[in-house]
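Structure record follows, encoded as structure tokens.
In what follows, every chain begins at residue 1, and chains take the letters A, B, ... in the order their sequences are listed.
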There are 2 protein chains.
Amino acid sequence: MKSNISMKNIAKELNVSIVTVSKALNDKDGVSDELKLKIKDLADKMGYRYNMLAKSMRDGLSYNIGVIIPEHFLGDDKSYYFSVFKHLSQIMEKYQYCAILQVLNAEDENGVILPKFYYDKKVDGLIVLGQVNKAYIKALQNIEIPVVFLDFYDENTNVDSITVDNYSGAYELTNYLIKNGHVNISFVGDIYATSSIQDRYLGMCKSLLEHGIKLREDYVICDRDEHGKYIELKFPKDMPTAFVCNCDGVAYNLIIKLKEMGFRVPEDFSVVGFDNDIYATISDPQITTVEVDVEEMAGTAVKSILDKVKKENRSRGRSMIKGRIIYRDSVKKINR
Amino acid sequence: MKSNISMKNIAKELNVSIVTVSKALNDKDGVSDELKLKIKDLADKMGYRYNMLAKSMRDGLSYNIGVIIPEHFLGDDKSYYFSVFKHLSQIMEKYQYCAILQVLNAEDENGVILPKFYYDKKVDGLIVLGQVNKAYIKALQNIEIPVVFLDFYDENTNVDSITVDNYSGAYELTNYLIKNGHVNISFVGDIYATSSIQDRYLGMCKSLLEHGIKLREDYVICDRDEHGKYIELKFPKDMPTAFVCNCDGVAYNLIIKLKEMGFRVPEDFSVVGFDNDIYATISDPQITTVEVDVEEMAGTAVKSILDKVKKENRSRGRSMIKGRIIYRDSVKKINR
DNA sequence: CTGAAAGCGCTTACAG
DNA sequence: CTGAAAGCGCTTACAG
């Protein structure tokens, strides 16, 4: 237990200087191989652990990156962000960095209270994972350390962002529906809620446009209120034959609702989602959706923030990570 | 942006010593109120941020606690642990501590590789959230910083632990079933997998014992293989009338299976779960289950680990957090 | 190949 | 009320 060995202890034991110990332990030149080995062995034996704090002090770098996940826009299924964080932290480890996570609650978000680890200078950079409100974004622009937005962007700021290519994803998903004979296609989602949802909506619009299909106004079905809470879906008088949902959770709810109304999916209605999260496979039928390479997304974010920390400050702007359609059982081919 | 103000800068600006600035900013005695105010104002104006690293160095304390969540035993639904972590980090903040999260993957768990933040002396203590294997537990016993187990315990170690009172929870749940006329009650879960499952199983046994009901051997139904993967449930020849499931996820699967077999829940079979997670409410019917006060659990863990860090080293042994039954629609009263 | 000196930003104990 | 000195554990730049 209680030991707390420092280089000083090792140096004294071996009658060498602390400088020499430091060089040996860091595999630097200027120590004979023999001595180096001896020092390393003793360090091991004494249970020496490197004190990152001391290096931090010298370098003026904490070797930590803060990750902020706003609770606000999270639904019941937090596992997606959890999974992203896991990858972030694993990738950072390779660069000798640790990830410190802060779940930002609504109160702190609205009060624009930055995480304690920022005020304590415990982090060298910030990754914001999930959309935060305008005021918070503004505050983030004025801080002293680099910031990267992950899984959302804000057009009014020049903060680099990494997002899923929502636009292309929804575009291809809609193309797939059209290829299967669908023309009357509805979008389910609050197109004012987040930029992700907007991009998904517009990706669908592009596909419709390309195929000369006009989107009816009442085919855009809102799924949540201004607090992000899901609301009862209001269907148009003339039902579409297919629904493009802004996420799998909503697709899941929609399918349940349709079944309650006595319809079958996909026989009566086709449904597609987005994200490939737990709701896509929990659903009956399982949902055709878009999956993102989380590891690639995380890797891009880490590289981006560490570049900035190291002042290799080339701005990357928006990076988009392409999704991949997962074909399942919620879409049926129909005859026009 | 780039400023990095230290106490030195403030001191120079005001022609006072660094010591005086330190005292003023920390609201200590030995500075006139007037000067104190002047210093604080200037610090604000210059955008001074306290450098926790420097304090850490002096104190030999990082003011971070590491949280380890093993991926291994996590099912699809990671939101429970995510939620516990959120509370942990929020509570720590009140004590001037930050939480650093490490998701422990199977590889590192089997190779008994402790998190980087331990080797870097970046944390003062460790909270292990979720059961890890024997070898890992053993390694944790020999490290230089205090450790607390959260949501599991190991009888062979003297590491303090905080767990849900699984035993009482399952006991009361089973009492409830018996009160509703059930006698043929089955347990669904691998009773060798984790101590939590064991305790839930034995809580049920106690209730049966008290009511003079003998548990048939074939009424203990295994739900997963040795890797923690769910397997097909094997029902006994004579079906019970009620199932006590070791968690809501399994209860959810069971209900689906029963419905596929043409049965109705709760009309033909009653089912209860544990945890009150997403599966309890996603299910049709919604599942009667046991909910834990996550905040209390997190608070107990934080207090426990910080006591140890501060050397107020009274061992607390096992702390149990009582659960609360959430009554829903998956249990039916029957006549014996 | 080896090491004495200075410094990272703070605080504590002590002196004035 | 104010501040000079020492030290936390390391590393860099320099001297021998």
Side-chain angles (χ1 to χ4, degrees), chain A residues 2-40 42-43 46-64 96 117 119-124 144-145, chain B residues 2-40 42-43 46-64 96 117 119-124 144-145:
Chain A
K2 218 62 319 285
S3 56
N4 249 327
I5 306 298
S6 74
M7 290 189 182
K8 204 195 229 170
N9 301 299
I10 300 175
K12 193 173 288 171
E13 197 81 16
L14 252 30
N15 259 318
V16 295
S17 75
I18 300 176
V19 179
T20 303
V21 174
S22 170
K23 281 174 186 159
L25 259 25
N26 286 296
D27 257 328
K28 300 223 162 130
D29 286 341
V31 197
S32 68
D33 285 355
E34 197 187 356
L35 184 53
K36 204 179 261 188
L37 219 66
K38 224 162 106 187
I39 290 173
K40 282 183 175 178
L42 184 63
M46 294 176 79
Y48 172 76
R49 282 185 298 148
Y50 187 83
N51 191 330
M52 202 63 176
L53 256 34
K55 182 177 170 58
S56 286
M57 272 280 298
R58 275 209 96 248
D59 298 354
L61 240 34
S62 68
Y63 298 102
N64 292 136
Q96 306 295 315
F117 53 56
Y119 293 114
D120 284 352
K121 285 196 183 158
K122 273 188 179 178
V123 296
D124 303 331
E144 290 177 6
I145 55 177
Chain B
K2 218 61 322 280
S3 57
N4 249 326
I5 306 298
S6 75
M7 289 189 183
K8 203 194 228 172
N9 302 297
I10 300 175
K12 194 174 287 173
E13 196 82 14
L14 252 31
N15 259 316
V16 295
S17 75
I18 301 177
V19 178
T20 302
V21 174
S22 170
K23 281 175 186 160
L25 259 24
N26 285 296
D27 257 329
K28 300 223 162 128
D29 286 341
V31 197
S32 68
D33 286 356
E34 198 187 356
L35 184 53
K36 202 178 263 186
L37 221 66
K38 226 163 105 187
I39 290 173
K40 282 184 175 179
L42 185 63
M46 294 176 80
Y48 172 76
R49 282 185 298 149
Y50 187 83
N51 191 328
M52 203 62 176
L53 257 35
K55 182 178 169 57
S56 285
M57 272 280 298
R58 275 210 97 249
D59 299 355
L61 240 35
S62 68
Y63 297 102
N64 292 135
Q96 306 295 317
F117 53 56
Y119 293 115
D120 284 352
K121 285 196 183 159
K122 272 188 180 178
V123 295
D124 303 332
E144 289 177 6
I145 55 176

**Prompt:** Counting only Watson-Crick or G-U wobble pairs whose two distances fall under 3.5 Å, which nucleotide matches D/dA4?
**Reply:** none

**Request:** Whole angstrom is fine here: how far is it from OH in A/Y119 over to C1' in C/dG9?
**Result:** 21 Å

**Prompt:** Is A/K121 reaching over with its side chain to a backbone N or O of B/R49, donor-acceptor style, under 3.5 angstrom?
**Reply:** yes

**Side chains of B/Y48 and B/I10 in contact at under 4.5 Å (non-hydrogen atoms)** = yes

**Prompt:** Looking at D/dT11, C/dT2, D/dC1, which one has an atom nearest to any side-chain atom of A/T20?
**Reply:** C/dT2

**Message:** By nearest atom, which of the nucleotides C/dT2, C/dT12, D/dA13 is closest to the B/V19 side chain?
**Reply:** C/dT12

**Message:** Contact between A/Y63 and B/D120 at the side-chain level, heavy atoms closer than 4.5 Å - yes or no?
**Reply:** no

**Request:** Taking the side chain as every heavy atom from C-beta outward, state whether A/D27 and A/K40 have any pair of such atoms under 4.5 Å apart.
**Result:** yes

**Prompt:** B/M52 has an atom CE; how far is it from atom C1' of C/dT11, in whole Å?
**Reply:** 13 Å

**Prompt:** Quick one: is A/S32 getting a side-chain N or O under 4.0 Å of the C/dT2 phosphate, OP1 or OP2?
**Reply:** yes

**Which nucleotide in C/dC10, D/dC10, C/dT12 has an atom nearest any side-chain atom of B/A54** = C/dC10

**Prompt:** Can you check whether B/T20's main-chain N or O pairs, donor with acceptor, with B/K28's side chain at less than 3.5 Å?
**Reply:** no

**Message:** If the test is side chain to side chain contact (heavy atoms under 4.5 Å, CB included), which one of B/N26, B/I39, B/L14 qualifies with B/V21?
**Reply:** B/I39

**Prompt:** Hey, does B/D29 reach any base, or is it just sugar-phosphate, or nothing, if we go heavy atoms under 4.0 Å?
**Reply:** nothing

**Prompt:** When you match B/I18 and A/K8 each to their closest nucleotide on DNA chain D, which lands nearer the 5' end?
**Reply:** B/I18

**Request:** Write down the distance between CG (B/N9) and C1' (C/dC10), rounded to a whole number of angstrom.
**Result:** 13 Å

**Request:** Ignoring hydrogens and angles, answer whether the base of C/dG3 and the side-chain atoms of A/K23 contain a donor-acceptor pair closer than 3.5 Å.
**Result:** yes

**Asked** To the nearest angstrom, how far is B/K121 atom NZ from D/dC8 atom C1'?
**Response** 11 Å

**Message:** Rounded to whole Å, how long is the line connecting atom CE of B/M46 with atom C1' of C/dG9?
**Reply:** 15 Å

**Message:** As a test of reading the structure: which of C/dG3, C/dG9, C/dC10 is closest to the side chain of B/M57, going by heavy atoms?
**Reply:** C/dG9

**Request:** Grab the CZ-C1' distance between A/R58 and D/dC8 for me, whole Å please.
**Result:** 14 Å

**Request:** Could you state the atom-to-atom distance from CG of B/N15 to C1' of D/dG3 in whole Å?
**Result:** 13 Å

**Complete:** Judged by nearest nucleotide, the residue sitting upstream toward the 5' end of DNA chain D, A/L53 or A/K28, is A/L53

**Request:** Measure from CG on B/D33 to P on D/dT2 and round the result to the nearest Å.
**Result:** 10 Å

**Request:** Would you mind telling me which of C/dC10, D/dT2, C/dC1 lies closest to the side-chain atoms of B/Y48?
**Result:** C/dC10

**Request:** Look at all strands and tell whether B/N26 reaches a base, only sugar-phosphate, or nothing, counting heavy atoms closer than 4.0 Å.
**Result:** sugar-phosphate

**Asked** Across all strands, who's sitting opposite C/dA13 as a Watson-Crick or G-U wobble pair, both distances under 3.5 Å?
**Response** none

**Prompt:** Side-chain N or O of B/Y63 less than 4.0 angstrom from OP1 or OP2 on C/dC10?
**Reply:** no

